[in-house]
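Have a look at the structure below before the remarks.
Heavy atoms only: backbone and side chains are in, while hydrogens, waters and symmetry mates are out. For ligands, and for the atoms within them, numbers begin at 1 and follow the listed sequence. It should be emphasised that the depicted structure is a prediction, and the values quoted were computed from it without experimental measurement.
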Amino acid sequence: MIKIENLSCGFGKHEIIHNLSLTIPAHQITAIVGQSGCGKTTFLKTLNRMIEEEGGHMSGDIYLEDTNIRNLSKELLRKKVGMVFQQPIAFPYSIEKNLSYVLKYHGVTGKAELEKEITSCLKKAKLYDEVKDHLKMSALKLSGGQKQRLAIARSLCVDPEVLLLDEPCSALDMKNTIAIEETLLELKDQYTFVIVTHNLAQAKRIADQIVFMDQGEILEVTEKNAFFENPSSELAREQIQYM
Ligand SMILES: Nc1ncnc2c1ncn2[C@@H]1O[C@H](COP(=O)(O)OP(=O)(O)OP(=O)(O)O)[C@@H](O)[C@H]1O
Ligand SMILES: [Mg+2]
């Protein structure tokens, strides 16, 4: 569970997120939706304090289970709270090394153990069958959808508690989108997912909870079915009409 209390965040004098409080339940998929520029990405980046790396400042409290994230080292926080971006990131190494260097960094050693973890993460991310015979191939040769599934495998291989995903499917075709949605649905018992999506139909397919944001504030936090059947805000009502 993530508990967010009175979170404000901004750049210089420009406040982007205004006094936001929210609980994100464990082992569920929470979808953050809202118009472009309303602060979804900024909000997501507060949850692993990445926003501070980008020159932003944040106030308020964020608890991961019972621990205030300010009391965790950035290294431990980023291990517990992974992030997958809109543009898939593959490093210019082999598929295998894209995972093994992260595993080694987190203390996994030994060929057999590394192989076991690599296989397990690739399977979780639904990429294994496509790449199992080409693990030494450069990851740069993968398609966009495969690179995004590799990025998910890489995030999962450090065994995070939470995975943040910022529009992970917006550059992907339907087949890759479905593979990622299935991955999240199959794994939500083990992880907590927070996904920013512009695609309301995607939120309807996979989310448990919807957070509808506007201009740096939350207009509503609602269980998925209730949100789509009877949104409380006029803006959400309008957007659902266009689905
Ligand atoms: N590094 C930054 N420095 C200054 N302002 C920023 C920075 N990053 C974001 N902003 C501003 O914060 C506001 C919210 O941006 P954010 O990227 O969080 O929106 P978003 O909801 O994710 O939009 P989109 O749906 O288009 O991705 C915007 O006005 C943006 O210009
Ligand atoms: Mg964004």
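Nearest to atom 27 (O) of ligand 1 among the protein's heavy atoms is E167 OE2, 3.6 Å. Taking atom 5 (N) of ligand 1 as the reference point, the nearest protein heavy-atom neighbour is F11 CD1, 3.4 Å. Protein heavy atom nearest atom 11 (C) of ligand 1, with residue, atom name and distance: I16 CD1, 3.7 Å. For atom 24 (P) of ligand 1, the nearest non-hydrogen atom of the protein is S36 OG, 3.6 Å. For atom 15 (O) of ligand 1, the nearest protein heavy atom (residue, atom name, distance) is T42 OG1, 3.7 Å.
Checking T41 against the Mg ion (ligand 2), an N/O/S atom falls under the 2.8 Å cut-off.
L114 has its side chain out of reach of K111: every pair of non-hydrogen atoms, C-beta onward, lies at least 4.5 Å apart.
Remark: the E75 side chain and the Y105 side chain contain an N/O donor-acceptor pair separated by less than 3.5 Å.
Considering only non-hydrogen atoms, atom 22 (O) of ligand 1 lies nearest to T41 out of T41, D166, V196.
Screening residues 26-39 for side chain to side chain donor-acceptor pair (under 3.5 Å), with sequence neighbours left out, gives T30-Q209.
In terms of the side-chain contact (heavy atoms from CB on, under 4.5 Å) criterion, residue partners of S232 (sequence neighbours excluded) are, by chain and number, E220.
Residue contacts with ligand 1 for M213 are absent, since no atom lies close enough (heavy atoms, distance under 4.0 Å).
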